[in-house]
Each structure stands twice: as C-alpha cells, then as structure tokens.
Amino acid sequence: MGVLWEEIADISPYVIIPEFEFGVKIIAFPKLVRYTRRGTAVPCPYTLRYNVVPHLNGNSYTGIDIIIFSEETVKFAQLKTLKGTLTGSQAPRSKKELSIHQNPLFIAAFNLGDWTFKDNKIPRIAGKEFWNNIHIDYDLVENHVRNMLQRVDNDFAELATS
C-alpha cells in the first residue's frame, strides 16, 4: 500500500517522490559501498553521504520515500501506512537511513495504532498532520480510502460465498 500513498502524495506541488520523478531511490550511504540483498550500490560521485540508485528490474532499495518542501525547509522522509508498520527489526535500519539527513521525518499516512518507530532526534507525523503539511485535504483522502477498502472487503466477501 505504501506506493499508493506515495502516488497520492505526489499530487502535491510540495512533494517529490524521487523514484517517480527521477527513476531513482535515495538510500542511506554511510560507507563507500552499501551491499543490499539485491546487489551493490556504487558511490555517488557528488557526495559520500548518500547514493542514488536506479530502479532496474523491479529491485527495491530502502531509504528516502518522499521529499517534502515545508516551512521553507526540505524534509527527507520515509512514508509508511500506519504508525505500527515497522517491525522491531526494521526500526534501527530506518533510523540509520533517516539520521544522515539534516531534516529527517518519519511519516505514517494514517494516524492508527501505536508508534513502533521511536527516536528523539527524528520527528514523526501521522494522518491529518501529514496530509495538511503537503496541502492535500485529509478528509477527501480518508473518504476515498475508506470507500476503496469497503469495495475490496465486499469483493472478498463475495468470493468467500461463491
């Protein structure tokens, strides 16, 4: 579902989704080479702080999902569906990836559940606060998502009875 929230957020003129706009993903790059499960990322020639990796053959890399222009600052963020989307083992990786940026932000598209991402140095926002921050009407998003989920639920109920 994360890509869906990125696609909706990308409607905002205050948002850049690097993967959509440039065909690349910005990943944390604290050392000269980062090995991923799907390959090796080579150093970016412009900076040692991060690396930009093209998405080829559907490979997925972790890192920055969304860049937000807000309050005259550029914020580098990860966008998740719910406050509890991250498992305990994923949280340290997210902290590492976000902490290299001056203005990191951890976002949950919907203000549901309890936070599993906790870091005193990285702010978190969820739900209405996020959507308002990028100037998209939260009530409109919530209503459409609710309708979509109800349609999916009805379709699955029909499948179960057939």
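Quick note: residue numbers are just sequence positions, from 1.
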query = Which pair of non-hydrogen atoms, one from Asp139 and one from Asp137, has the smallest distance, and what is that distance?
reply = N-OD1, 3.1 Å

Side-chain heavy atoms of Ile17 within contact of Val15, under 4.5 Å = yes

task = Would you please say whether a donor-acceptor pair under 3.5 Å links the side chains of Asn133 and Ser70?
result = yes

task = Check step by step if side-chain contact (heavy atoms from CB on, under 4.5 Å) holds for Asp153 and Arg151.
result = CA-CA 5 Å; Asp153 188 48; Arg151 284 193 309 269; over 6 Å; no

note = In terms of heavy-atom contacts, Pro104 and Pro123 come closest through O-CD, 3.3 Å

ask   = Looking at side-chain heavy atoms only, is the closest gap between Arg124 and Ile107 below 4.5 Å?
value = no

inquiry  = Main chain of Ala91, side chain of Ser94: is a donor-acceptor contact present, judged purely on distance under 3.5 Å?
reply    = no

inquiry  = Quick check: do Val74 and Ile68 have side-chain heavy atoms less than 4.5 Å from each other?
reply    = no

inquiry  = If we ignore hydrogens and angles and just use 3.5 Å, is the side chain of Asn132 paired with the main-chain N or O of His135 as donor and acceptor?
reply    = no

query = So, for Ile8 and Val141, which heavy atoms are closest and what is the spacing to 0.1 Å?
reply = CG2-CG2, 4.2 Å

ask   = Ser99 side chain to Lys96 main-chain N or O, any donor-acceptor pair under 3.5 Å?
value = yes

task = Measure the spacing between CD1 of Ile134 and CD of Glu129 and express it to the nearest 0.5 Å.
result = 12.0 Å

query = So, do Asp10 and Glu6 sit near enough that their side-chain heavy atoms are less than 4.5 Å apart?
reply = no

key: Any side-chain donor near an acceptor of the partner, Asn143 and Arg146, under 3.5 Å   = yes

ask   = Would you say the ring centroid of Phe106 lies under 6.0 angstrom from that of Phe117?
value = yes

key: Other residues, nucleotides, ligands: >12 heavy atoms within 6.0 Å of Asp114 CG   = no

query = Between Lys128 and Asn111, is any side-chain donor less than 3.5 angstrom from a side-chain acceptor?
reply = no

query = Among the clusters formed by ILVMFWY side chains lying less than 4.5 Å apart, do Leu79 and Met148 turn up in the same one?
reply = yes

query = Hey, quick one: are Ile136 and Leu140 part of the same hydrophobic cluster, counting side-chain heavy atoms closer than 4.5 Å, chains of contacts allowed?
reply = no

task = List the atom of Leu105, the atom of Leu98, and the distance in Å for their closest heavy-atom pair.
result = O-CD2, 3.8 Å

ask   = Does one hydrophobic cluster hold both Tyr14 and Trp131, with members joined at side-chain heavy-atom distances below 4.5 Å?
value = no

task = Please confirm whether the backbone N or O of Lys80 pairs with a side-chain atom of Thr85, one donor and one acceptor, at under 3.5 Å?
result = no

inquiry  = Quick check against the 3.5 Å criterion: does Lys95 have a side-chain atom that pairs as donor or acceptor with the backbone of Lys121?
reply    = no

message = With side-chain contact (heavy atoms from CB on, under 4.5 Å) as the criterion, how do Ile64 and His101 come out once you've worked through the C-alpha distance, each side chain's angles and the decisive distance to 0.1 Å?
response = CA-CA 10 Å; Ile64 299 303; His101 300 284; 3.4 Å; yes

request  = Can you label the angle between the Tyr138 ring and the Phe110 ring as parallel, tilted or perpendicular, going by 30° and 60°?
outcome  = tilted

key: CG on Asn103 to CZ on Phe69, rounded to 0.5 Å   = 11.5 Å

task = Would you mind reporting whether Ile66 and Phe130 have side-chain heavy atoms less than 4.5 Å apart?
result = yes

